[in-house]
Each structure stands twice: as C-alpha cells, then as structure tokens.
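The structure under discussion is supplied below as structure tokens; questions concerning it will follow.
Per chain, numbering begins at 1; letters A, B, ... match sequence-line order.
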Amino acid sequence: MTETLDANRAPAPTLSAQYQPGEVERRRYEEWVAAGRFRASADSDKPPFTIVIPPPNVTGSLHMGHAFEHTLMDALTRRRRMQGYEALWLPGMDHAGIATQNLVERQLAGEGLSRHDLGREKFVERVWRWKAESGGKILGQMRRLGDSVDWDRERFTMDEGLSRAVQTIFKKLYDDGLIYRAERIINWCPRCLTALSDIEVEHTDDDGELVSIRYSDEVVVATTRAETMLGDTAVAVHPDDERYKHLIGTLVDLPLTGRQIPIVGDEHVDPSFGTGMVKVTPAHDPNDFEIGQRHDLPSLTIMDERGVITAPGPFEGLDRFEARPAIVAALREQGRIVAEKRPYVHAVGHCSRCRTTVEPRLSLQWFVNTAPLARAAGDAVRDGRVKIEPADMAKRYFAWVDNMHDWCISRQLWWGHRIPVWYGPDGEVVCVGPDEDPPSGQGWHQDVDVLDTWFSSALWPFSTLGWPESTPDLAKFYPTSVLVTGYDILFFWVARMMMFGLYAMDGRQPFDVIALHGMVRDQHGKKMSKSFGNVVDPLDWIERYGADATRFTLARGANPGQDVPVSDEWCQGSRNFCNKLWNATRFALMNGAHVSGDLPEPSRLSTVDRWILSRLQQVTAEVDEQFEAYEFAKVCDTLYHFAWDDVCDWYVELAKPVLAAGGERAEATRRVLGHVLDHLLRLLHPVVPFVTDELWIALTGTEAAGAGSEGGSVMTATWPVAVPALRDEQAEREVTDLQRVVTEIRRFRSDQGLRPAQRVAARLDGLAEAGIAPHESLIRSLVRLDEAAPDFRASATLAVSGAVTVALDTRGSIDVAAERARLEKDRTAAEKEITQARAKLDNPAFLGKAPAPVVDKIRDRLAAAEADLERISTALAALG
RNA sequence: GGGCGCGUAGCUCAGCGGGAGAGCACUCGCCUUACAAGCGAGGGGUCGCAGGUUCGAAACCUGCCGCGCCCA
C-alpha cells in the first residue's frame with residue numbers, strides 16, 4: 001500500500017472529499033495581506049510591472065463588470081510577481097462628482113434640507129463624512145474577490161496629493177493656452193443643474209413628435225421641439241435651394257411673439273429634410289448656435305436652468321415639457337400646424353447620471369482645447385509607443401481622438417476640485433498654481449465651479465504615483481505597463497489619460513499597452529440591467545461557488561475585446577473544476593506524491609511519466625504565449641483540459657496500477673505526480689489564487705515555513721518555464737496510441753452493454769508492431785481485460801488502428817446487432833475518408849499546386865483509411 | 001444617415017486558407033477506494049444566403065438578409 005514517507009517530510013495533511021472555498025478564501029486573503037505579499041517597493045532591483053486600477057466610483061459596489069476586469073488585472077499582476085517583477089497593482093477610487101453630490105443631497109432632502117441650507121463649506125464636510133462612514137464599499141468587496149492590490153498605496157481623486165496634481169496641470173494647461181473660458185452651447189442637466197461633457201450624455205431613440213409649423217404662406221418649418229420657437233432668431237434655407245433662394249434676406253413674422261426674424265442662407269441646411277427650411281434657435285441647439293455665429297444672429301435664451309420657460313408671455317413659467325403641447329395647441333388654434341407625426345422616433349440625449357433629458361444650453365463654461373493633445377494621443381498609438389490589444393480596436397480609438405470636440409470641464413457642483421481661477425474687481429482673471437497665494441482683497445473671488453471628475457481621473461496613472469513631485473514611485477513605476485479596461489471606456493477615460501499623460505510627463509505615455517475587454521452579459525448575450533432582472537451579483541457567486549469559481553468563469557470567457565456571457569451553470573462548472581483540482585491533489589497526497597528534490601533522470605522514468613512531463617512543457621509554453629497575448633480564455637481552456645483530461649483522466653488513472661505495485665517505479669511516479677501538480681497549481685494560480693495556494697501549500701508542505709517568509713505560498717513560487725529537453729515526442733506518440741486502444745475497447749464494452757466491473761478475457765495482438773507492447777498490462781488494467789486462458793474463444797475482434805487488433809471472449813454473450821452497427825458506422829467513416837482523399841489525389845491540379853507536406857498528409861490518411869476499411873470488413877464478415 | 005462588429009452543434013462561444021471544435025445541455029451505462037461538484041461511452045452542424053477568387057473556402061473578396069454597438 002502506502003510507501004513510507006521521507007523522514008524529514010511532514011505527514012500529508014488530509015483533505016476533505018469536497019472543496020469548501022468560503023473558509024479557505026477568508027483565511028488565505030488575511031495571510032497574504034499580513035505577510036505583505038501585495039506590497040511593491042520602489043527600492044527593488046526587480047524590473048517593474050505596474051497596473052493602476054480603473055478607479056471605481058466611491059459610491060459604487062462591486063458588479064460583474066468590476067469582477068471581470070479585476071480578475072484579468074489580478075491574473076496579470078500575480079503572474080508577473082511570480083516571474084520576478086516588482087509588481088504593483090495600485091488601488092483607489094474616484095470621487096464621482098455628480099453621483100456623490102446627488103447621493104448626499106438626497107440624504108439631506110430626507111432631513112428636509114438642501115445643500116444651500118448648509119452652505120458650500122458645510123456641505124463638502126458632510127460629503128467627506130459620508131465617504132468616511134459609508135463610501136468605498138467596493139474596497140471590501142475587492143478583498144473577497146482576491147485582488148492582490150497594494151493597499152498601502154490606495155488613492156482617492158480628492159486626496160491632497162491628487163488635488164495638487166489637478167491644480168498643477170490646470171495651471172500648466174491654462175498658461176499654455178489650452179484651457180479657456182467661453183460662452184457655448186453645452187449639454188445641461190436641468191435636474192443636476194450642471195453642465196455635462198459630450199460623453200456624459202447618452203443618446204436613446206425615443207418617441208417624440210415632428211410638427212410642421214407655418215410661419216407664413218411661404219415659410220413652413222418642421223421641429224421636434226416646438227417650444228423652442230419662442231427663441232427663434234432666424235429661419236434658414238440652403239443657399240442653393242431654388243425653391244427658397246428668393247426669400248433669403250427677407251423677414252418673416254414669428255408667430256406668438258410679435259417678433260420678425262430674417263431668413264438666411266446656410267450650407268448646413270439639408271434641403272431634402274422636411275420642407276428644406278429650418279427654424280434657428282441659437283441659444284437652444286448646437287447646430288443652430290453655429291448657424292447663428294455665421295450669420296451674426298442674436299441668441300435668445302427662453303428657459304432657465306431648470307427648463308422652465310422664461311420668455312415673457314402666456315407660456316412663461318411652464319416646464320419645457322408642458323410648454324411644448326401648449327405652444328402646439330396655440331399654433332393649431334391659429335391654423336398654423338400643417339402636419340404632425342406622432343410618434344416620431346429620434347435620438348434624445350439623457351444625463352448619464354439621472355436619465356433626465358439634457359437641454360442644450362448657452363452658458364459660460366471652461367473648456368480644454370483638445371486638438372493638440374488629441375493629436376499627440378493618436379500619434380502615440382500610431383507610432384507604436386502604445387499598443388492596443390486587440391489591435392483592431394485601434395480603429396475605434398483613432399475615430400475618437402481624430403474627431404475630438406473641445407472638452408467642457410466645468411461643473412456647477414460643490415463636490416469636486418474647485419476651479420483655481422480668481423476674478424478681480426476690474427475684470428482680472430488669475431489662474432493660481434498650487435504653491436501660489438490667490439489674490440486677496442476687495443472684490444476678488446474664486447470661480448464657483450468644480451472640475452469634471454474625469455479631469456482628475458485623467459491624471460490617475462501618474463498622480464497616484466506622486467506627480468507633480470518627482471517621487472521614487474514615479475521613477476520606478478511610470479509608465480505603467482498595461483491598462484485593462486472595457487472598450488466602452490476607450491473614449492471616456494483612456495483617451496483622456498493619454499492626452500494628459502503625454503502632456504504632463506513630457507511625452508512619456510501613461511501605459512505601454514491598452515488591453516481592452518468586452519462587457520459582461522447574461523447567458524443569452526443580453527446586457528445586464530436591473531429593469532430586465534438579469535443582473536448577476538458577483539458576491540452572490542462568491543458566496544455560493546467561491547471567488548475562484550467566479551474568477552475562472554469570467555477569465556474563461558475573456559476573449560480579447562469580446563463580450564462575456566455568464567450564467568450560474570457555467571460558474572457551477574468552474575466550481576466543479578476547482579473541486580477536481582482539490583481531489584487530484586488529495587489523491588496525490590493520499591498516495592505519497594511529493595515535490596522534494598530533483599526529478600529523476602528521464603531514463604529512469606516510465607513512458608507515461610515522460611509523456612505527462614512532455615505535455616506539461618507544451619502546456620507551459622502555450623499558457624505563456626497566451627498570457628502575453630492577453631488571451632485569458634485560451635489560458636483557462638488550455639489549463640482546464642490539461643488538468644482534467646491529461647492529468648486526471650489519464651495520468652492519474654495510469655499511475656494507479658504503478659502506485660499500487662510499489663517499488664522504484666512507484667517512487668518515480670510519486671515524484672512526477674508531485675512535480676506536475678506543483679507546476680499546474682503555479683500556472684493556475686493567477687486565475688484561481690485561493691484553491692491553488694491552499695493545495696500548493698498542502699502539496700509542498702511549506703506551511704511550516706510560516707507566513708511572511710520566502711516560500712510558504714504559491715504566490716511567491718517562481719513561474720514555470722518550459723524545459724525543451726523534457727519534450728518527448730516518442731512518449732507522446734506511444735501514449736496517444738495507448739489511449740486510442742483503450743478508448744476503442746471502452747467503446748466496444750459500452751456498445752455491448754458490458755458492466756464496467758465485468759472482467760473480460762482478451763488477446764491483444766500487434767502491440768509490438770505499434771510500439772506499445774510494454775504498456776499491455778496498463779491497458780488491461782484500465783479496461784479490465786484478463787489474460788486469454790487456454791479455453792479462450794474469441795467472440796469479437798476489434799480493429800483498433802494500425803496493426804493493433806483486440807480479440808475478446810465475451811462468453812458467447814455478444815450482441816451481434818450492436819457490434820454490426822458499430823462496425824458499419826466505422827466503415828462508413830472510413831469510406832468517406834477514402835473518397836475524400838482519393839478525390840484530392842486524383843486531381844492533377846492538387847498534386848501540382850498543393851505543397852508537398854499537404855499531399856503527403858493526404859496520402860498517409862488514405863493509406864490509414866484503407867487499412868482500417870480492410871480490417872473492419874474482415875470483422876464484419878466474421879460476424880456473418 | 002456615417003462608422004465598427006457579429007451571424008459555426010439546443011445555448012454560449014473558439015477556429016479565420018489544407019481532416020468541423022470546446023464548455024454547458026442532451027442520450028445510454030456506472031456509487032469502479034481522489035472526486036456523483038464524479039467516471040465511461042454516445043448522438044447532434046448543407047459553418048446566415050447568393051455569387052466570386054483558389055488545386056482547395058467556415059475562413060479571403062463582392063452583394064444581400066438578420067442582429068448588436070458607437071457616433072450624428
């Protein structure tokens with residue numbers, strides 16, 4: 001039975017029959033943190049590897065998208081750490097200006113207060129208090145997932161250092177003329193009462209109405225926003241439009257207002273849309289604003305910041321959505337409505353924070369002139385300094401940076417970085433840097449607005465490392481190695497980090513690689529949404545199946561740039577895989593597998609041992625390549641099949657008789673099994689860190705070394721490197737042949753309905769010719785075949801492959817019909833193969849133009865199929 | 001309207017010029033001393049449609065149909 005263990009090795013711990021992740025995960029994570037295993041040091045001589053976390057929102061909690069993204073980042077970081085890099089994964093959060101302010105304002109509303117009751121200072125204090133008490137829930141949830149982030153370096157965009165970074169770059173941009181203040185049409189949220197940038201507006205196709213209004217006998221305009229006609233200051237037609245050319249320069253009475261407005265000619269007008277005449281409302285539409293600029297038209301604001309009509313008259317005081325039908329009704333009364341289309345589906349912009357329909361609004365705001373910055377951001381990718389993975393996503397990136405509009409950065413909020421600009425009594429404007437004193441005295445005041453949250457997020461890759469100070473961290477860890485984020489964020493955040501990173505860091509890019517992933521979806525590829533009820537909570541999965549199973553499920557779906565569907569069933573499958581690893585290790589420990597000392601010389605190993613070692617090298621090399629290419633799904637697939645098929649289904653099964661027999665061969669196998677599991681657990685650790693650590697420690701017996709020391713965790717084990725010398729094609733061929741024989745016999749047994757436990761006498765012929773004669777006893781033990789006794793009488797003969805045939809004595813209980821069906825199926829397959837191969841080989845064009853190796857392969861295939869057909873026919877004939 | 005992407009087994013997806021694959025689901029047989037969260041065997045696809053290029057197309061090109069995303 002069990003061989004004696006080495007005297008200096010601790011007795012193998014016993015593992016339960018099923019893996020229970022909950023307790024293990026909590027314990028391991030605490031140990032990792034206590035041992036400081038996530039810490040990175042700027043003093044290290046090791047090469048740096050850096051990832052900054054895409055900062056989650058301080059108000060947020062962990063959703064499946066985070067879990068997915070974090071799994072990928074953690075896998076990259078853990079692997080590099082094992083490879084000997086000084087690996088830093090830096091955590092933190094952003095202050096989410098609008099979301100956080102909304103949240104605290106809602107709290108206040110519950111107390112019957114508004115932020116104005118408190119005043120700015122008290123309100124901001126209150127937000128900080130909220131953050132201290134209930135902000136950042138996600139940080140605790142990241143621990144459950146196993147994120148190996150350096151907690152000592154946690155950053156927040158409103159921290160003192162990061163705020164200093166914000167002020168520094170604002171001043172620099174201002175002094176370089178890249179920040180300016182101007183009156184423009186911006187996206188305005190009448191509920192949040194702030195400006196929004198283009199990317200904070202989400203367009204949806206909504207049901208609206210298209211109303212055609214007769215301004216005069218000759219002038220009819222169509223609009224989806226009738227209420228804005230109160231602010232019309234012109235009607236525009238295309239200057240080449242023969243129908244209306246003669247009207248250009250004339251005036252028309254604007255209904256309901258008593259005003260007269262001019263008709264102008266503008267290239268922007270599409271003559272084929274509607275009547276080819278458009279109303280022009282410069283203060284309430286971005287296109288109209290531009291027309292207004294070109295024709296020097298006045299801009300008439302007819303709504304306040306809440307969307308209430310301010311134009312004097314009967315509609316004053318009405319909300320914009322009440323004003324619309326009221327104005328249409330009034331026009332109809334005058335017989336001016338000539339056509340109406342309802343519903344009229346058109347794109348409507350909504351505030352990404354509160355869904356309120358945004359109102360284009362003319363207002364004085366701060367902007368970043370993005371043209372020069374965006375050009376540099378595009379060039380960094382164009383000239384290869386920054387690589388986008390997968391590469392074809394670069395198209396989307398260029399489409400964005402090459403057509404970027406100026407960025408509205410001021411927000412009418414209190415929570416955020418206040419714009420460092422002071423206005424003087426005589427119209428002075430002074431931008432104040434971080435170490436400068438703001439101007440004081442009568443009449444001076446600071447701009448009341450704050451900056452867009454993305455403004456500070458754009459500095460994240462270097463502000464978190466200490467910029468603008470020149471810190472050791474910055475020297476060691478910038479540029480960061482890889483940015484992992486969703487393709488949906490390419491425009492939002494990535495392009496902005498590129499612009500600011502290149503600008504602030506003297507042209508040095510914020511990251512070398514941008515690795516883009518897709519969106520997590522439900523099992524039918526649908527977007528997860530609360531209203532749809534298909535949201536899966538990662539914490540629920542962690543609770544039920546474990547963090548490793550959750551991570552494996554997500555990583556296994558991570559094809560570069562593709563969306564990831566997930567479902568409960570797939571997570572169960574991952575849980576099962578973890579349990580499989582658990583039980584394989586359990587088996588190994590129960591049978592004395594160990595990892596001490598060197599592997600025996602290949603000459604002292606069995607073919608099967610050399611085979612699994614050879615496969616291990618191949619898998620190691622593949623996994624390495626796949627990791628380098630951010631092919632997480634392939635990494636998982638490769639390791640899943642190696643672990644389950646090669647190691648568990650074949651190697652362990654083949655090892656059982658060897659271990660049972662004992663002796664030198666058994667000891668070699670225990671050593672090989674230990675080695676293979678050791679390396680398999682290392683390779684899997686980046687994706688499933690908990691179970692691999694638990695098992696690796698049990699397998700290697702290094703727990704005694706204690707937390708905090710070298711070793712003691714697979715986290716600090718070295719990353720396996722493929723050893724070409726251990727590749728063994730001969731062993732791989734032999735085991736493949738052996739597997740084919742075993743599978744063929746199992747197929748026969750299954751088709752014949754033979755019980756697994758039932759032993760059958762058999763004669764195996766041709767093993768020597770196939771070069772697998774030494775494995776006869778292994779084959780017999782796997783498929784329960786006894787030696788042929790003197791009274792052996794073959795009742796069936798299997799043609800396996802090549803020279804190998806198996807004669808079985810099923811004691812006359814052969815199911816002839818089943819056997820004939822099986823053989824006929826094989827015959828059909830062989831015939832099809834022969835037909836296909838002959839068709840090619842009979843084609844002179846194929847022989848003439850196809851490369852020689854391809855032709856040879858087809859010839860071999862034909863020969864093999866013909867031999868198979870021969871034996872199958874013989875067997876069929878023997879059946880009678 | 002402009003741009004990008006996707007249609008391969010029941011579901012979700014790999015494969016992207018030389019034998020149609022995986023996971024799950026399904027069928028049959030098994031509590032075989034690591035694991036029933038398991039083991040063994042099996043069924044299942046004119047690779048969206050139509051042309052073209054090629055000795056050879058699921059893959060490359062063109063058109064069409066259907067779906068999705070981004071931008072206007």
- Note on the structure: Pairs under 3.5 Å (Watson-Crick or G-U), crossing ones as [ ], inter-strand ones as |: RNA chain B comes out as ((((((((.[[[[.)..(..]]]].(((((.......))))).....[[[[[..)....]]]]]))))))).
- Can a salt bridge be assigned to the pair A:Glu569 and A:Arg575 using a cut-off of 4.0 Å between side-chain N and carboxylate O? no
- Query: Could you state the NZ-C1' distance from A:Lys526 to B:C11, rounded to the nearest angstrom?
  - Reply: 12 Å
- Task: Pick out which of A:Val672, A:Asp678, A:Leu673 makes a side-chain contact (heavy atoms from CB on, under 4.5 Å) with A:Val676.
- Result: A:Val672
- Query: What integer number of Å spans the P atoms of B:C4 and B:G42?
  - Reply: 46 Å
- Task: Round to a whole Å and report the spacing from NZ of A:Lys395 to C1' of B:C69.
- Result: 14 Å
- With the side chain of A:Asn576 defined as its heavy atoms from C-beta on, choose the nearest nucleotide among B:A37, B:C13, B:A34. B:A37
- Note on the structure: The correct set of residues in residues 634-644 of chain A placing a heavy atom under 4.0 Å from RNA chain B is A:Lys634, A:Asp637, A:Tyr640, A:His641, A:Trp644
- What integer distance in Å separates A:Asp488:CG from B:G68:P? 18 Å
- Task: Considering only atom P, compute the distance from B:C35 to B:G44 and round it to an integer number of Å.
- Result: 34 Å
- To the nearest Å, give me how far apart CG (A:Asp860) and C1' (B:G18) are. 14 Å
- Message: Given the ring of A:Tyr487, does A:Arg396 sit roughly above its face, with NZ or CZ under 6.0 Å from the centre of the six-membered ring and within 45° of the axis?
- Response: yes
- Item | No-hydrogen, no-angle side-chain donor-acceptor test under 3.5 Å, A:Asp609 and A:Tyr651 | yes
- Task: Return the orientation label for the A:Phe68 and A:His517 ring planes: parallel under 30°, perpendicular over 60°, tilted otherwise.
- Result: perpendicular
- Taking the six-membered ring for Trp, are A:Tyr545 and A:Trp541 parallel (under 30°), tilted (30 to 60°) or perpendicular (over 60°)? perpendicular
- Among B:U32, B:C55, B:G23, the nucleotide that comes nearest once only the side chain of A:Lys849 is considered: B:C55
- Item | Interatomic distance at C1', B:C67 relative to B:C26, whole Å | 27 Å
- Task: Rounded to the nearest angstrom, tell me the gap between atom CZ in A:Phe846 and atom P in B:C55.
- Result: 12 Å
- Message: For the C1' atoms, the ones on B:A14 and on B:G23, what distance do you get once it is rounded to whole angstrom?
- Response: 10 Å
- Starting from P on B:C31, measure out to CG on A:Asn583 and report it in whole angstrom. 20 Å
- Note on the structure: On a heavy-atom basis, the closest approach of A:Arg225 and A:Glu359 is NH2-OE2, 2.7 Å
- Task: Rounded to whole angstrom, note down the P distance from B:C61 over to B:G5.
- Result: 11 Å
- Apply salt bridge (Lys or Arg N to Asp or Glu O under 4.0 Å) to the pair A:Glu732 and A:Arg615, showing each step before the final yes or no. CA-CA 8 Å; A:Glu732 288 191 21; A:Arg615 283 286 300 133; 5.8 Å; no
- Message: Measuring only the P atom in each nucleotide, how far is B:G51 from B:A58? A whole number of Å is fine.
- Response: 14 Å
- Message: Between B:G48 and B:A20, how many Å separate the two P atoms, rounded to a whole number?
- Response: 15 Å
- Specify the separation, in whole Å, of atom CD of A:Glu569 and atom P of B:C11. 14 Å
- Message: Minimum heavy-atom separation for A:Gln752 and A:Ala818, please, with both atom names.
- Response: NE2-CB, 4.0 Å
- Task: Using atom CZ of A:Phe577 as one end and atom P of B:C35 as the other, report the distance to the nearest whole Å.
- Result: 18 Å
- Touch class at under 4.0 angstrom, heavy-atom based, for A:Ala757 against every strand present: nothing
- Message: Is it the case that the base of B:A37 and the side chain of A:Arg575 share a donor-acceptor contact (distance under 3.5 Å, atom types as modelled)?
- Response: yes
- Whole-Å C1' distance, B:C11 and B:C16: 23 Å
